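These figures come from a predicted structure and were not determined experimentally.
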Amino acid sequence: MNFLTDNPELYELRFPDPDRLAARFAGDLARRFGGGTRLLDIGCGTGRDAGHLAGEGYAVTGLDVSEPMLAHARGRYPGVEFVNADMRSFDLGRRFDVVTCLDSALLYCHENADLTAFLSRCRAHLAPGGLLVAEMRNGAFFLGNTELLEGTVTGTVLWDGVPYTSRTRLWIDHAAQLLRRHRTWEWPGRAGPLHQRSAWRLLFPRELEYFLDVAGFEVLALFDGPGPRTRPPLDPRCAAVGRPVRRPAPCRGPPASPARRPTRPHRESSGRLTGRCHRGSSGRPRGRPRHRHNR
């Protein structure tokens, strides 16, 4: 049970995005890197991103494990197909030009096997030349930064005239490499607080690159900065754009010459890093990409 996913309208009040910044972010990346119009949004939640992208001309399928969220989405966006499935094992029987996974949904893959299974499913559902766009919390932010871990954050949302108050505490489970959350909810008429616990995997950018590479993706770009729905205090995110590549047959001849020394990333004035990772015959990166949100 998750109080917010069981109450999608409250979820959208708690995490508003009236300008559809996350969907616009994903759509912009898809256009920049040559994605087509068949799009699968994994972890679609209330469907607001899928609905916006459908309005931009994409043929969108939304996928989520929460039936209350999906029921809400189907009522709001009748032109979008919504499917109830697990992100680690879904099989839709068709391919897409773009797969998106926003708002740290990928980080519900707590174990390496979960993450590997998710990326395998993405690759199997991408057409040749397709794109994977994933946006998530950047685990590297917590190296020396504690502002999101200090004390309890209290907030109140008014829903149907009733104030719902949440108190949220975050901490790092270092052994499991998870960001854990304990949140309580209280509202008039409830006998006591409702306790909710959840967690997200903490992934570092180079770790993410490795998982993508092993899963058969070429990393086209890696972004580092505040996410499209981020509110103060800043919670820097990591976004990756990848494309499936065909693995070459193993080389039976003499060892290949060493890869070239990685080039120094070019840093833009915005503080983001952009670029492309080229591959040689070994299938390994031949140059470090000139790299270019709390739910």
Side-chain angles (χ1 to χ4, degrees), residues 11-12 15-17 19-33 35 39-53 56 58 60-64 69 87 96-110 114-115 118-119 121-123 125-126 130-142 148 179 198-212 215 217-231 234-243 268 270-277 289 291-295:
Y11 177 94
E12 291 198 336
F15 302 115
D17 186 9
D19 297 323
R20 300 298 185 258
L21 297 178
R24 288 162 54 191
F25 174 79
D28 175 65
L29 289 179
R31 287 186 292 271
R32 287 175 56 188
F33 290 97
L39 187 147
L40 173 62
D41 184 23
I42 300 177
C44 65
T46 63
R48 56 187 173 185
D49 297 331
H52 179 86
L53 290 165
E56 289 192 348
Y58 290 93
V60 183
T61 298
L63 183 149
D64 204 281
M69 286 284 209
M87 66 193 301
F96 301 84
D97 302 309
V98 182
V99 172
T100 61
C101 188
L102 309 176
D103 283 342
S104 294
L106 180 151
L107 302 183
Y108 287 111
C109 295
H110 293 177
D114 298 332
L115 184 55
F118 165 72
L119 292 174
R121 291 290 78 212
C122 290
R123 194 178 193 281
H125 284 76
L126 277 168
L131 294 174
L132 169 64
V133 178
E135 183 268 330
M136 72 210 75
R137 177 179 290 106
N138 187 345
F141 170 76
F142 294 97
L148 295 178
L179 176 66
S198 53
W200 300 266
R201 173 74 177 260
L202 290 176
L203 282 174
F204 297 87
R206 298 308 301 272
E207 183 184 15
L208 176 61
E209 282 187 89
Y210 174 79
F211 275 103
L212 287 166
F217 285 90
E218 177 187 12
V219 180
L220 302 177
L222 198 62
F223 301 82
D224 179 21
R229 281 198 266 258
T230 299
R231 293 179 295 174
L234 292 180
D235 180 10
R237 320 289 274 196
C238 179
V241 182
R243 173 175 287 141
E268 296 183 343
S270 65
R272 295 189 176 188
L273 302 167
T274 73
R276 179 182 300 266
C277 178
H291 303 292
R292 210 263 317 164
H293 81 21
N294 161 350
R295 285 290 182 264

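- Closest non-hydrogen pair, Asp41 versus Ala50, comes out as OD2-N, 3.9 Å.
- The nearest pair of heavy atoms linking Met87 to Cys101 is CE-SG, 4.1 Å.
- Heavy-atom minimum distance, Gly62 versus Cys44: C-SG, 3.6 Å.
- To the nearest 0.5 angstrom, Asp17 atom CG is 9.0 Å from His52 atom NE2.
- With hydrogens and angles disregarded, no donor-acceptor distance shorter than 3.5 Å links the side chain of Arg20 to the backbone of Gly51.
- Residues Leu53 and Ala23 come closest through the heavy atom pair CD2-O, 3.5 Å.
- Put simply, the side chain of His125 never gets that close to the backbone of Val99: no donor and acceptor are under 3.5 Å apart.
- To the nearest 0.5 Å, atom CZ of residue Arg243 and atom CZ of residue Phe33 are 8.5 Å apart.
- Without hydrogens or angle criteria, Asp19 side chain to Leu21 main chain gives no donor-acceptor distance under 3.5 Å.
- Between Asn138 and Pro205, the closest heavy-atom pair is OD1-CD, 3.4 Å.
- Note that CZ of Phe217 and CG of Leu119 are 6.0 Å apart. Values are rounded to the nearest 0.5 Å.
- Contact of the Leu102 side chain with the Asp49 side chain is registered, since non-hydrogen atoms from C-beta on lie closer than 4.5 Å.
- Atom CE of Met136 and atom CG of Leu202 lie 12.0 Å apart (nearest 0.5 Å).
- Taken from CZ in Phe118 to CD1 in Ile42, the straight-line distance is 4.5 Å, to the nearest 0.5 Å.
- At least one side-chain heavy atom of Leu148 sits under 4.5 Å from a side-chain heavy atom of Phe141.
- Atom CZ in Arg137 sits 12.0 Å away from atom CG in Leu106 (nearest 0.5 Å).
- Of the possible polar contacts, none joining the Arg201 side chain to the Leu107 backbone as a donor-acceptor pair under 3.5 Å is found.
- The backbone N or O of Gly35 sits nowhere less than 3.5 Å from a side-chain atom of Asp97 that would complete a donor-acceptor pair.
- The backbone N or O of Ala215 lies less than 3.5 Å from a partner atom in the side chain of Arg123, making a donor-acceptor pair.
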Given side-chain contact (heavy atoms from CB on, under 4.5 Å), test Leu222 with Leu208 step by step and report yes or no. CA-CA 10 Å; Leu222 198 62; Leu208 176 61; 4.2 Å; yes

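- Between Val98 and the choices Leu132, Val60, Leu39, the side chain to side chain contact (heavy atoms under 4.5 Å, CB included) rule is met once, by Leu39.
- Summarising the geometry of Phe25 relative to Glu135, their closest heavy-atom pair is CE2-CG, 4.1 Å, with the distance given to 0.1 Å.
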